[in-house]
Amino acid sequence: MAEPKKKKQLDLVRRDMPKQQPEIRSHNFSEVALGYAAQTAVEEASRCIQCPKPKCVENCPVEINIPGFIKAISEKDFKRGIKILKEKNCLPAICGRVCPQEEQCEETCVLVKKGGQIAIGRLERFLADWEAVQGKLEMPHLPGKTGKKVAVVGGGPAGLTVAGDLIQLGHEVTIFEALHKMGGVLVYGIPEFRLPKRIVEREVDYLKKLGVKIRTDFVVGKTQSIDSLLEEYDAIFVGSGAGLPWFMEIPGENLNGVYSANEYLTRLNLMKGFLFPEYHTPVKSHKRVAVVGGGNVAMDCARSALRLGAESRIVYRRSREELPARLEEVENAEEEGVIFDFLTLPLKYIGDENGWVKQMEVQRMQLGEPDASGRRRPVPIEGAIEIIEVDAIVCAIGNSPNPLIAQTTPGLEIGKKGNIVADEETGQTSREKIWAAGDVVTGAATVILAMGAGRKAARSMHEYLMSH
Amino acid sequence: MFKVVTSRMIVPNMHLLTLEAPAVAREAKPGQFIILRAEEEGERIPLSISDWDEQMGTVTTIFLNVGRTTDRLSRLVEGQQIPTVVGPLGNATDIEKYGTVLLLGGCYGIGSLFPVARALKQAGNKIITVVEARSSYLLYWEDRYKDYSDEFVRITRDGTKGYKGHVDRLPEIIKDLGVTVDRVIINGCTYCLKRGSDATRALQIPTWVSLNPIMIDGTGMCGVCRVTVGSVTRFACVHGPDFNGHEVDWEELLQRRKTYMPEEVVPLRTSKSKCEEHSQQR
């Protein structure tokens, strides 16, 4: 037995991750954060006190063995680290970049009270990127085939997770994706500067190597119905995401120059509009862009507009405290020069004589009593109505679930908001053989929540497949 | 990848493209559309389906060469492949027994109305087909309509065949035929849809139009195809493309369609000359 060690002095200094300088990165679409060097990762990992009852794991939707992979990093055994990480998370390079860690694993780190919570997300990212640089992937041992066939509808985070889990349990898996590229929101929504598309491709390639079949350009509900797929597949997972963008239903929303966040981001990301005219999907160059909303999607839109050369602002009806976006992205946006109009509510959009938006009329707000969400309710300041000059508006206030599956699948229970009703623990829908999870069930949420729900659904599907 | 089975110009600047897309052909219904990409760097554009062959696993579309993508498509040759053909998208045209149905097709709409004519005829309707073009040499597919039309009327802007003028002559045509029309369905460019709807409004004939706004994904996700119909915002891709022509906010639609006009010209100016590209391709 080893000698009992002296209690180590706590190191409360979170190691910074190098980033592109704001004045440079605000003019390019390359990734903002550059990732830890190995030495920094080892230092950061060494700060972890390896709690016997790690709270971070409890607060991770996919229950990653966080102390386990961190210990491996601190011992410079990156190979072991990535192996531990991948036991629970098949998309670590993505989660390390886009998870809201400050509200999940890092929030419950015992060091958080002292302000020195371990940078779990950055370490996760480090391991995933380290593995990619090694050039050879460690392939898991696959069990024998069960002979069961599963169709996964939607190639986003939920679908990718389900596919990854089920193929490793020996089932035959095919993913059907409506767009021409895999990844769902990871490729059409999240910009290159936050999540490079080659990383998504890498993760998708890994699934292909595991044997997952992929059919892009295939709209389930249109190209083939769920019921027709059920003639061929033993079970179906629906992870078709949140489609249909919301608008505020205020005057002027159909003026030219008013976009949904999905349109704006899809043009830029999926269609590579930032490389127009090299890529052919047209993108307008605007001078003043206002993005309505305060979530990650709003930040992505505002930072994209900035990179395309516009003066870019966020218009949000509550205050900075209530911004739903990841703190790191809010800080990034601030550093880059995005203007924030807090406590500001758009009332109507005003067009010029050619039908192009030129101004937004806004109501300035103040915070009142807390509402049902526990946040202080924004209330109008009487008479405080102002005009903001703009030539484009991006509406980033959310989406309802895509209606195609609901419309074309008889007997599937649909909720009030158009979402598919599914059991929270198992993902089972009202119909046998059909499971669902992710945004199509919960409404727009985060990548990791969709993955967590996908994992539970995969477990339940596996039990079903093995007993039928 | 999706193989080109047939590619030819059917009348000046109007092209017919038949693509191998068995999954689309299996499900296609009258009034639906596909989204395709002509090349890897290409944009996604919606095109109406003009016909399909389930046995052969092919879909046919007819389009006008107007911009970068349609230009590229028009130069495809048999055996070449394109990266994306997805569909069938949108809701099918309602096929019922209405009585007498007048189909008005202009431009590519002459093609996309053909499956509608066939289905409505098979459903027991009397079909009056009206085709419209700038000049008689721009009309096509008259032979295909023969079996599915009880009356076939032409309108040409220059009067070289049939009625001279615009679709506004519809009330006159109906009067001349001496029929009661129970329903009008129009496919074609936005002006044709608008003017046709204007013409039938006074006659109080229910009129359905297939709208053609800008689209990206075609599955309800991006929202660029929104149109105001009866003062409600609708997405043409998932709520349409067919709408009541008397309720559409035409000014807004015409305006929204112009959004990217300047940008569509840029690549035509900055890319290689057509003949240069053409010779490289051969």
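All of these numbers come straight from a predicted model, not from anything done at the bench. A, B, ... follow the sequence lines: proteins, then strands. Residue 1 opens every chain.
- The distance from the OG1 atom of B:Thr69 to the NE2 atom of A:His280 is 7.5 Å, given to the nearest 0.5 Å.
- Using a 4.0 Å cut-off between charged nitrogen and carboxylate oxygen, B:Glu27 and A:Lys222 do not count as a salt-bridge pair.
- Heavy-atom pairs under 4.5 Å with chain A were tallied for B:Glu252, B:Arg26, B:Gln32, B:Arg37; the largest tally goes to B:Arg37.
- Between A:Tyr279 and B:Glu40 the shortest side-chain heavy-atom distance does not fall below 4.5 Å.
- Closest approach of B:Glu263 and A:Pro282 over heavy atoms only: CB-CB, 3.6 Å.
- A:Leu179 is listed as a side-chain neighbour of B:Asp217, based on a closest heavy-atom distance under 4.5 Å.
- For B:Glu78, the CD atom counts as loosely surrounded, since its 6.0 Å shell holds 12 or fewer non-hydrogen atoms of other residues, nucleotides or ligands.
- Contact of B:Leu254 with chain A is not made at all, since no heavy-atom distance falls under 4.5 Å.
- Within a 6.0 Å sphere centred on NZ of B:Lys3, other residues, nucleotides and ligands contribute 12 heavy atoms or fewer.
- Each of B:Arg256, B:Glu43, B:Arg226 has some count of heavy-atom pairs under 4.5 Å with chain A, and the biggest count is that of B:Arg226.
- The closest side-chain heavy-atom distance from B:Cys222 to A:Tyr188 is not below 4.5 Å.
- Note on A:Thr266, A:Leu275, A:Asn254: by heavy-atom pairs under 4.5 Å with chain B, the leading option is A:Asn254.
- Heavy atoms closer than 4.5 Å to chain B are found in the backbone of A:Val283, but not in its side chain.
- In terms of heavy-atom pairs under 4.5 Å with chain B, the best-connected choice from A:Arg267, A:Gln224, A:Gln407 is A:Arg267.
- Counting heavy atoms of neighbouring residues, nucleotides and ligands inside a 6.0 Å radius, atom NZ of A:Lys213 does not exceed 12 of them.
- Between B:Met221 atom CE and A:Leu270 atom CG the span is 7.0 Å, to the nearest 0.5 Å.
- Interface check for chain B: of the options A:Phe218, A:Tyr264, A:Phe247, the most heavy-atom pairs under 4.5 Å are formed by A:Phe247.
- By the 4.5 Å heavy-atom criterion applied to side chains, B:Thr259 and A:Lys284 are counted as neighbours.
- With no hydrogens or angles considered, a side-chain donor-acceptor pair links B:Arg44 and A:His180 at under 3.5 Å.
- In the displayed structure, B:Gln122 atom CD is contacted under 6.0 Å by more than 12 heavy atoms of other residues, nucleotides or ligands.
- Taking all atoms of both residues into account, the shortest heavy-atom contact from A:Thr223 to B:Pro88 is CA-CD, 4.1 Å.
- Contacts between A:Leu404 and chain B at a heavy-atom distance below 4.5 Å involve the side chain alone, from C-beta outward.
- With rounding to the nearest 0.5 angstrom, the CG atom of A:Asn256 is 12.0 Å from the CZ atom of B:Arg257.
- Interface residue B:Glu39: only side-chain heavy atoms are found under 4.5 Å from chain A.
- Taking the side chain as every heavy atom from C-beta outward, A:Glu253 and B:Thr233 never approach each other to under 4.5 Å.
- Contact tally against chain B (heavy-atom pairs below 4.5 Å) for A:Thr216, A:Leu255, A:Val258: the top residue is A:Val258.
- For the atom pair CD1 (B:Ile34) and CG (A:Asp217), the distance works out to 11.0 Å, reported to the nearest 0.5 Å.
- For A:Glu278, the part lying under 4.5 angstrom from a heavy atom of chain B is the backbone only.
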